[in-house]
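Please read the structure below before turning to the comments.
The first residue in the sequence is number 1, and the count goes up from there. Values below: every heavy atom of this structure, side chains too, minus hydrogens, waters and symmetry copies.
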Amino acid sequence: MGVIEIVLGIALIVFSVGICVLVAFQPGKDKRLSGAISGGASDTFFGKSQAQRREKKLEKATILVSVVFFIVIVALYCLV
């Protein structure tokens, strides 16, 4: 087993955990539960815009980590 395979295997584990964490942090489509968790701050204009920015950042981060995860899987497959 080469060093590259070990590094890609570790990266695969890190990115898979990252995807799980990012998906778990994303709010659901049901606004009743997310409003209860956020403490009602999303009722104001500024609270809504902050929540939307956070959701957009989480969405972009999830897409980025998923793409890198896919690339690592393909690279690992090509090496083995």
Cluster question for you: counting only ILVMFWY and a side-chain heavy-atom cut-off of under 4.5 Å, with indirect links fine, are [X] and [Y] together?
| X | Y | result |
| --- | --- | --- |
| V21 | V72 | yes |
| I4 | L76 | yes |
| L79 | F69 | yes |
| V17 | I73 | yes |
| V67 | L8 | no |

Measure the spacing between CZ of F15 and CD1 of I71 and express it to the nearest 0.5 Å. 9.5 Å
Separation between NZ of K60 and NZ of K57, rounded to the nearest 0.5 Å: 9.5 Å
If every non-hydrogen atom of F25 is compared with every non-hydrogen atom of L58, which pair is closest and at what distance? O-CD1, 3.6 Å
At their closest point, which heavy atom of E59 faces which heavy atom of Q26, and how far apart are they? CA-NE2, 3.8 Å
